[in-house]
J.: 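I have a structure I would like to understand better, so I am pasting it below and will then ask my questions one at a time.
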Amino acid sequence: MSKDCGNHGGGKEAAVRRICAAVIAFIIVALVTIFLVWVILRPTKPRFVLQDATVFAFNLSQPNLLTTNFQVTLASRNPNSKIGIYYDRLHVYATYRNQQITLRTAIPPTYQGHKEDNIWSPFVYGTAVPIAPYNSVALGEEQGRGFVGLIIRADGRVRWKVGTLITGKYHIHVRCPAYINLGNKAGGVVVGDSAVKYTLVTKCSVNV
């Protein structure tokens with residue numbers, strides 16, 4: 001009886017080892033397949049362009065408080081012919097000299113197919129946002145000269161879709177320089193009573 005029980009236990013252990021080996025082999029094959037597909041297709045990160053900015057408000061008051069209201073137009077293109085892009089989360093906001101000056105505006109999750117273009121026109125704004133004293137001085141000087149240099153940013157997460165395969169989430173960081181001629185309304189198009197729309201067409205840097 002003892003001998004039979006020993007053989008029976010050993011059979012179970014062998015079966016468990018075979019199952020574990022099969023699972024590990026499957027995982028390795030799946031990972032290698034994903035890696036090969038990734039290498040062969042070589043996904044290219046999306047391209048972004050800041051097309052324009054409509055300025056509704058840009059007021060610097062004392063003590064170092066900034067109120068802004070913009071509507072920006074961001075165009076995104078998926079350059080891949082075999083890979084789709086899921087934008088699961090994307091927040092747009094403005095910074096001045098690395099200081100955030102507006103709230104983050106969320107863009108609804110969307111899917112971008114092969115060679116497709118997407119255009120978003122979110123509002124970004126901030127009311128009485130405290131500005132660092134040294135930034136306030138620099139901003140006041142730029143306003144005096146007419147041109148103000150901002151960075152329109154978009155941060156979020158994306159996934160790649162290859163056939164039926166969908167990857168995990170990757171961080172995406174978009175940086176778009178925006179040099180706005182606030183001192184010359186004639187340089188833009190007057191919208192409504194006081195807003196001015198400035199055409200920019202600025203290429204953005206994208207890191208994924």
Side-chain angles (χ1 to χ4, degrees), residues 43-61 64-80 83-132 135 139 148-162 164-180 182 188-189 191-192 194-208:
T44 302
K45 58 190 177 183
R47 298 168 185 163
F48 280 76
V49 173
L50 177 62
Q51 294 186 339
D52 56 61
T54 302
V55 181
F56 293 88
F58 195 95
N59 303 311
L60 180 64
S61 60
N64 305 327
L65 299 177
L66 179 64
T67 295
T68 58
N69 188 357
F70 301 94
Q71 184 179 23
V72 298
T73 302
L74 279 173
S76 169
R77 178 167 179 76
N78 176 10
N80 298 286
I83 300 174
I85 304 174
Y86 283 101
Y87 294 92
D88 292 324
R89 187 179 70 191
L90 204 60
H91 290 93
V92 180
Y93 58 103
T95 64
Y96 177 75
R97 295 197 172 192
N98 294 321
Q99 181 177 356
Q100 184 173 334
I101 60 173
T102 70
L103 298 174
R104 293 171 179 253
T105 299
I107 289 178
T110 185
Y111 173 75
Q112 190 173 51
H114 313 153
K115 296 287 187 179
E116 278 190 357
D117 296 290
N118 283 45
I119 295 179
W120 299 293
S121 297
F123 282 88
V124 291
Y125 57 90
T127 303
V129 176
I131 302 297
N135 280 345
L139 185 57
V148 173
L150 306 177
I151 301 292
I152 303 300
R153 303 192 178 201
D155 295 331
R157 292 187 177 183
V158 297
R159 290 177 295 159
W160 309 94
K161 184 176 184 294
V162 183
T164 58
L165 174 67
I166 301 175
T167 69
K169 294 182 179 181
Y170 290 80
H171 290 281
I172 183 171
H173 302 284
V174 182
R175 302 291 180 264
C176 308
Y179 297 98
I180 303 174
L182 296 177
V189 178
V191 179
S194 58
V196 181
K197 183 176 183 179
Y198 298 94
T199 301
L200 302 173
V201 192
T202 304
K203 290 184 179 179
C204 309
S205 65
V206 181
N207 292 315
V208 180

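For this chain, numbers begin at 1 and follow the sequence in order.
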J.: Is there a side chain to side chain contact (heavy atoms under 4.5 Å, CB included) between Y96 and L66 once you walk through the steps?
T.: CA-CA 11 Å; Y96 177 75; L66 179 64; 5.9 Å; no
J.: Between R47 and S76, is there a donor-acceptor pair closer than 3.5 Å when you use the side chain of the first and the backbone of the second?
T.: no
J.: With no hydrogens and no angle check, do the side chains of Q112 and N78 hold a donor and an acceptor under 3.5 Å apart?
T.: no
J.: Assess whether atom OH of Y179 is packed by more than 12 heavy atoms of other residues, nucleotides or ligands within 6.0 Å.
T.: no
J.: Would you find more than 12 non-hydrogen atoms of other residues, nucleotides or ligands less than 6.0 Å from H173 atom NE2?
T.: yes
J.: Looking at every heavy atom in both V196 and G188, which two are closest together, and how far apart are they?
T.: CG1-CA, 3.8 Å
J.: Would you mind reporting whether P46 and I172 have side-chain heavy atoms less than 4.5 Å apart?
T.: yes
J.: Determine the minimum heavy-atom distance between L65 and A128, stating which atoms define it.
T.: CD2-O, 3.8 Å
J.: Side chains of I166 and Y86: does their closest heavy-atom pair fall under 4.5 Å?
T.: yes
J.: Using 0.5 Å steps for rounding, measure from the CD1 atom of I85 to the CG atom of N80.
T.: 6.0 Å
J.: For the side chain of Y93 and the backbone of Q100, is there at least one donor-acceptor N/O pair under 3.5 Å apart?
T.: no
J.: Just by distance, do the side chain of S121 and the backbone of T73 share a donor-acceptor pair under 3.5 Å?
T.: no
J.: Find the distance between CD1 (I107) and OH (Y87) and round it off to the nearest 0.5 Å.
T.: 9.5 Å
J.: In Å and rounded to the nearest 0.5 Å, what is the OG1 to CG distance from T102 to N69?
T.: 10.0 Å
J.: So, do Y125 and F56 have ring centers that fall under 6.0 Å from each other?
T.: no
J.: Examine distances only and state if a side-chain atom of T202 and a backbone atom of C176 form a donor-acceptor pair shorter than 3.5 Å.
T.: no
J.: Under 3.5 Å, is there a donor-acceptor pair between the side chain of Q99 and the main chain of P130?
T.: yes
J.: Please report the interatomic distance CZ(F48) to CG(L90), rounded to the nearest 0.5 Å.
T.: 5.5 Å
J.: For the residue pair L50 and P177, what are the closest heavy atoms and their distance?
T.: CD2-O, 3.8 Å
J.: Heavy-atom count check: over 12 atoms from other residues, nucleotides or ligands less than 6.0 Å from K203 NZ?
T.: no
J.: Measure the spacing between CH2 of W160 and NZ of K45 and express it to the nearest 0.5 Å.
T.: 9.5 Å
J.: Do L150 and F58 make a side-chain contact, defined as non-hydrogen atoms from C-beta onward lying under 4.5 Å apart?
T.: yes
J.: Hey, what do you get for CG (L139) to CD1 (I101), rounding to the nearest 0.5 Å?
T.: 7.0 Å
J.: Which residue pairs pass the salt bridge (Lys or Arg N to Asp or Glu O under 4.0 Å) test when at least one of the two sits in residues 165-180, sequence neighbours left out?
T.: D155-R175
J.: Can you tell if the side chain of I152 reaches within under 4.5 Å of the side chain of F70, non-hydrogen atoms only?
T.: no
J.: Sub-3.5 Å donor-acceptor pair from the side chain of N59 to the main-chain atoms of T67, do we have one?
T.: no
J.: Do you know the tightest heavy-atom contact between P109 and D88?
T.: CG-O, 3.6 Å
